[in-house]
Amino acid sequence: MRRLNLPRRPRRLRRTAAIRELVTETAVTTADLVHPLFVIDGEGTPQDIGSLPGQQRLSIKDLVSECEELHRLGVRGVALFPSIEPALKDAAGSEALNPETLVLRAIRAVKQAVPELSIFTDIALDPYTDHGHDGIFNKEGTDMDNDGTVEILRQMSVLCAEAGADFVAPSDMMDGRVEAIRESLDDAGLIETAIMAYSAKFASAYYGPFRDAVGSASAAGTNLLGKHTYQLNPANRREALLETELDELEGADVLMVKPAGPYLDIIRELRGNTHLPVAAYQVSGEYAQIHAAAQLGWLDLESCRDESLLSIKRAGADIIFTYFAKDVAQRLQKA
Ligand code: PBG
């Protein structure tokens, strides 16, 4: 056998577990994670969500207990999503502006029980509209009414901030909404409420299970809601960066890329382009596909879960929204 004359043998640093750990470049910690949670009205027991194994819609009381537990585990934030009765939905999403609407009661209850936990609330109309879209339609019914929708999102943001949300998170992709929301929050004296903009939100098929969870799919009669006139074309990298730039100029405090796993290139590039924190949302479909393959015995759930999150962190995300947050926090606590 001929011995290779190699000046560099990178495998030396992979020889033992101790050395591998010493040269590890990236680690996901519990403090990076935000857990999305679904809330329902009433005192009922938790409802399973078929396409999101392990996730449930919770009553406010159970939501509060879950938030207490997440806080004990070291998770730093939760994103709250209401799943409301179909009877409360209409074309204008009016329930979003009801001062006693479910999500506002949920915010108040969680803030009171665990004030240290950061609360993110989604600002978009899809849980409230009978067509499942994030905004209201124009008179012709052909497209979203951008400016009319922004007017509603301003009011919705003020209500969520007054209820105690630490971050309002516009996920609607209307033009100009960040600046408008900042203006309305400031006018209302809510200068401390931060804006996390879903800046690079793609028109993705990976949102399917979420749409089951909040009922926007059943309201619309399809999981493949066409949101292409507002969400980004998955083919477009430059346009995504333009959206993040505009949101930064308009006053966003945190910029988000969503989904995460299929868009690691966007996370990486955004990380190099801004000094703001970058968040990434590992969406429902990314979570569901790992679970589905694991249920079939085709992939190992925990290793794939950890690898998927590590990749998102390595790409440059500072904050990761993931339905795996609790599982990971539990694993890290034991480690
Ligand atoms: C809606 C919203 C969506 C998600 C978060 N906020 C879905 C959509 O745009 O239809 C998806 C999250 C997920 O899939 O986990 N504004």
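Whatever order the structure lists them in is the order used to number ligands and atoms, beginning at 1.
Contacts between Asp126 and ligand 1 below 4.0 angstrom, taking non-hydrogen atoms only, involve the side chain exclusively. Only the side chain of Asp122 comes within contact range of ligand 1, with a heavy atom under 4.0 Å; no backbone atom does.
Here the shortest heavy-atom pairing between Ile19 and Leu13 reads CG2-O, 3.4 Å. Considering all non-hydrogen atoms of both residues, Ile312 and Leu264 come closest at CA-CD2, 3.9 Å.
If you check each of Tyr206, Tyr198, Phe210 against atom 7 (C) of ligand 1, the one with the closest non-hydrogen atom is Phe210. For atom 16 (N) of ligand 1, the nearest non-hydrogen atom from the set Pro209, Ser284, Ser171, Pro170 comes from Ser171.
Atom CD of Glu302 is surrounded by 12 or fewer heavy atoms from other residues, nucleotides or ligands within 6.0 Å.
Contacts of Ser171 classified as side-chain hydrogen bond (donor to acceptor under 3.5 Å, both in side chains), with partners at least two apart in sequence or in another chain: Asp122. Judged as a ring-ring contact (aromatic ring centres under 6.0 Å, His included), and not counting sequence neighbours, the contacts of Phe120 are Phe167, Phe321.
The distance from ligand 1 to the heavy atoms of Lys258 drops below 4.0 Å at these ligand atoms: 2 (C), 3 (C), 4 (C), 5 (C), 6 (N), 11 (C), 12 (C). Residue Tyr281 approaches ligand 1 through these ligand atoms, each under 4.0 Å from one of its heavy atoms: 12 (C), 15 (O). Within ligand 1, the atoms closer than 4.0 Å to a non-hydrogen atom of Ala124 are 16 (N), numbered from 1 in the order shown.
Not a single heavy atom of Tyr287 lies less than 4.0 angstrom from ligand 1. Residue contacts with ligand 1 leave out Gln282, since none of its heavy atoms falls under 4.0 Å from the ligand. Contact annotation: Phe321 has no heavy atom less than 4.0 Å from any atom of ligand 1. Using a 4.0 Å heavy-atom cutoff, Gln231 is listed among the residues neighbouring ligand 1.
We find that Glu307 and Arg314 are not joined by a salt bridge, their nearest charged nitrogen and carboxylate oxygen being 4.0 Å or further apart.
Aromatic ring centroids of His133 and Tyr128 lie 6.0 Å or more apart.
For the residue pair Asn98 and Ser94, no side-chain donor N or O sits within less than 3.5 Å of a side-chain acceptor on the partner.
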